[in-house]
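Beneath this line is the structure, given in structure tokens, with notes to follow.
Position 1 is the first residue of the sequence; numbering continues from there. Below, all heavy atoms of this structure are taken into account, side chains as well, without hydrogens, waters or symmetry copies. These numbers come from a predicted model, not from an experiment.
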Amino acid sequence: MAALLSLVVAVDQYIKYLVETRLEMHVQVDVLPFLALFRTYNTGVAFSMFSSMGDKGLILLSLVVVAFVLYLASRTTERQVLARIGFVLIVGGAVGNLIDRSVYGHVIDYILFHTPGWSFAVFNMADTFITIGAGLVILEEFVGWRRDRVKPSND
């Protein structure tokens, strides 16, 4: 799992390096009719929430969240493979954004889903890893719940 964690952080940071060195700020580069690259900075967390906490407050909040996720991960069994992978993706994404916040004072965002009349918040690969990781943890919980529910009773 340490190798996956390292890979997640490395991929996130490498893509952000490319974004910082090759994309102009606030210039939309269409990739698909509904997907564009758009370099911007986020001084908060998801959807710029908590931006008033400042860098140090958000760094502390991120460290608390990472510690909590690591605690949850430590309570999984070897059989809960999806949850373990999910927790690694969550921690890796959080660490990627934590590096940005610690080094630059903001998170580098660059992925924009949009239509002609609507656009989603700009986000980054770390956010994607966090979302996929959370999905895997939820899927593991659902699979475990279903598995426990269909166990035959020994009457």
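Looking at heavy atoms from C-beta onward, Ile85 lies in side-chain contact with Leu4 at the 4.5 angstrom threshold. Considering only heavy atoms from C-beta on, Arg84 stays 4.5 Å or farther from Val88 through its side chain. Counting heavy atoms from C-beta on, the side chains of Leu35 and Ile111 come closer than 4.5 Å. Using a 4.5 Å cut-off on side-chain heavy atoms (C-beta onward), Val8 and Leu89 make contact.
With values rounded to the nearest 0.5 angstrom, Asn124 atom CG is found 4.5 Å from Asp109 atom CG. Between Thr131 atom OG1 and Met125 atom CE the span is 10.5 Å, to the nearest 0.5 Å. Interatomic distance, OG1 of Thr40 versus CG of Leu23, reported as 11.5 Å (0.5 Å rounding). Within the model, atoms OG of Ser119 and CG of Leu112 stand 5.5 Å from one another, a figure rounded to the nearest 0.5 Å. With rounding to the nearest 0.5 angstrom, the CG atom of Asn97 is 11.0 Å from the CZ atom of Phe129.
Aromatic ring centres of His114 and Phe120: separated by at least 6.0 Å.
A donor-acceptor pair under 3.5 Å links the side-chain atoms of Gln13 to the main chain of Gly96, judged by distance alone.
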Run the side-chain donor-acceptor check on residues 133-140: report pairs under 3.5 Å with partners two or more places apart or on a different chain.
from	atom 1	to	atom 2	distance (Å)
Glu140	OE1	Leu82	N	3.0
Glu140	OE1	Ala83	N	3.4

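Cluster annotation: Val27 is not connected to Leu32 through the hydrophobic network of ILVMFWY side chains, with a link wherever side-chain heavy atoms come within less than 4.5 Å. By the rule that hydrophobic residues join a cluster once side-chain heavy atoms approach within less than 4.5 Å of another member, Leu18 and Leu7 end up as members of separate clusters. No chain of hydrophobic side-chain contacts below 4.5 Å, direct or via other Ile, Leu, Val, Met, Phe, Trp or Tyr residues, connects Leu70 to Val64. Grouping the Ile, Leu, Val, Met, Phe, Trp and Tyr side chains by contacts below 4.5 angstrom, directly or via other members, places Tyr17 apart from Val103. The hydrophobic cluster containing Val81 also contains Leu5, counting ILVMFWY residues as joined when their side-chain heavy atoms lie under 4.5 angstrom apart, directly or transitively.
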Checking side-chain contact (heavy atoms from CB on, under 4.5 Å) for the pair Leu98/Ile59: CA distance, chi angles, key distance, verdict? CA-CA 6 Å; Leu98 185 59; Ile59 288 168; 3.9 Å; yes
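Between Ala126 and Gly93, the shortest heavy-atom contact is CB-O, 3.3 Å. Considering every non-hydrogen atom in both Asp30 and Gln28, the closest pair reads OD1-NE2, 2.8 Å. In plain terms, the two heavy atoms of Phe113 and Trp118 that are nearest each other are O-CZ3, 4.1 Å. The heavy-atom pair separating Val66 from Ala94 by the smallest distance is CG2-CB, 3.6 Å.
Note on residues 81-112: pairs passing ring pair (Phe, Tyr, Trp, His ring centres under 6.0 Å), not counting sequence neighbours, are Tyr41-His106, Tyr104-His106. Applying the salt bridge (Lys or Arg N to Asp or Glu O under 4.0 Å) test to every pair with at least one member in residues 7-28, sequence neighbours left out, gives these pairs: Asp12-Lys16, Lys16-Asp100, Glu20-Arg39.
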